[in-house]
Amino acid sequence: MSVALIGKIVWVLGIIAWYAIRYPSERRARRTRVVSDRRSGVEAAGLTAALIGLAFIPGFYVATGKPAAADYPAHLWAVILGALLFFTAMWVFRRTHKALGRNWSITLQIREKHELISHGPYALVRHPMYTSFLLMALGQAFLLANWVVGLAGLIGFAVLFFLRVDKEERMMLEIFGPEYRAYMDRTKRIIPYIY
């Protein structure tokens, strides 16, 4: 079995894990009434970019091997590092969903009896879900030895992050006011102690 194939298998297993983590939260969220919905076309564009960069382009590549012209030699060290990054991404992703509980939403929504979550991964960063997507994109870049696929994940993440995070923080400030401002003062956005 080639190193490149091992990277592809690990990526597929990571995507399966991502869905297995996400699906129960989606089901649970449907049972909690939305009291404020801030969905927009800009947010939809960010989510679409992330889905294209982190799922569709790499999925197409894994299934077809295209664009083969952008391939480069796969190295075992890169696949191991990519697997560690992807595993860490799924661990953060799972802990984030668990901490959010019924507050979880794929879009900018406030649910009935919404609470400000500041425990678990939220004790270190305000947006650990984005942290998991960044780790996932970095893992993808190391697992799949293709320049286009590697950049696609990073670009997809960046588009989602920069189109959405400011709006999300403004919404949280409106809902939680000084409590969220104090939370912002003691945490970073997505990289603990750095940013």
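None of the values given here were measured: they were computed from a predicted structure.
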Item to complete: Look at the side chain of Q140 and the backbone N and O of A152, then say whether any donor-acceptor pair between them is shorter than 3.5 Å.
Response: no
Discussion item. Quick check: do F133 and W18 have side-chain heavy atoms less than 4.5 Å from each other?
Written reply: yes
Fill in: Heavy-atom pair of closest approach, residues G59 and W11
N-CH2, 3.5 Å
Worksheet item: Measuring from I191:CD1 to L124:CG, what's the distance to the nearest 0.5 Å?
Response: 12.5 Å
Fill in: Under-4.0 Å salt bridge between E43 and R39
no
Fill in: Pairwise salt bridge (Lys or Arg N to Asp or Glu O under 4.0 Å) hits with a residue in residues 118-144, at least two apart
R126-E169
Discussion item. Could you check whether Y130 and F161 have their ring centres less than 6.0 Å apart?
Written reply: yes
Fill in: Value rounded to 0.5 Å, distance of CE in M90 from CG in L135
9.0 Å
Fill in: Side-chain heavy atoms of R181 within contact of L173, under 4.5 Å
yes
Worksheet entry | P128 to T96 - nearest heavy-atom pair and separation | CB-OG1, 3.4 Å
Worksheet entry | Heavy-atom pair with the smallest gap, counting every atom of V125 and P192 | CG1-N, 3.5 Å
Worksheet item: So does R186 have more than 12 non-hydrogen atoms from other groups sitting under 6.0 Å from CZ?
Response: yes
Discussion item. So, taking the atom named CD in E168 and the one named OG in S105, what distance separates them when rounded to the nearest 0.5 Å?
Written reply: 9.5 Å
Fill in: Non-hydrogen atoms of F157 and A137 that approach each other most closely
CB-CB, 4.3 Å
Worksheet item: Is R94 atom CZ crowded by more than 12 heavy atoms from other residues, nucleotides or ligands, each under 6.0 Å away?
Response: no
Worksheet item: So do the side chains of V10 and F87 get within less than 4.5 Å of each other, counting heavy atoms only?
Response: no
Discussion item. Quick test of your reading: applying ring-ring contact (aromatic ring centres under 6.0 Å, His included), list the pairs with at least one residue in residues 171-195, sequence neighbours left out, ordered by first then second residue.
Written reply: Y180-Y183
Discussion item. Give me each pair satisfying side chain to side chain donor-acceptor pair (under 3.5 Å) with a member in residues 70-91, each pair once, sequence neighbours excluded.
Written reply: Y61-D71, D71-N146
Discussion item. Quick check: do E115 and R102 have side-chain heavy atoms less than 4.5 Å from each other?
Written reply: yes
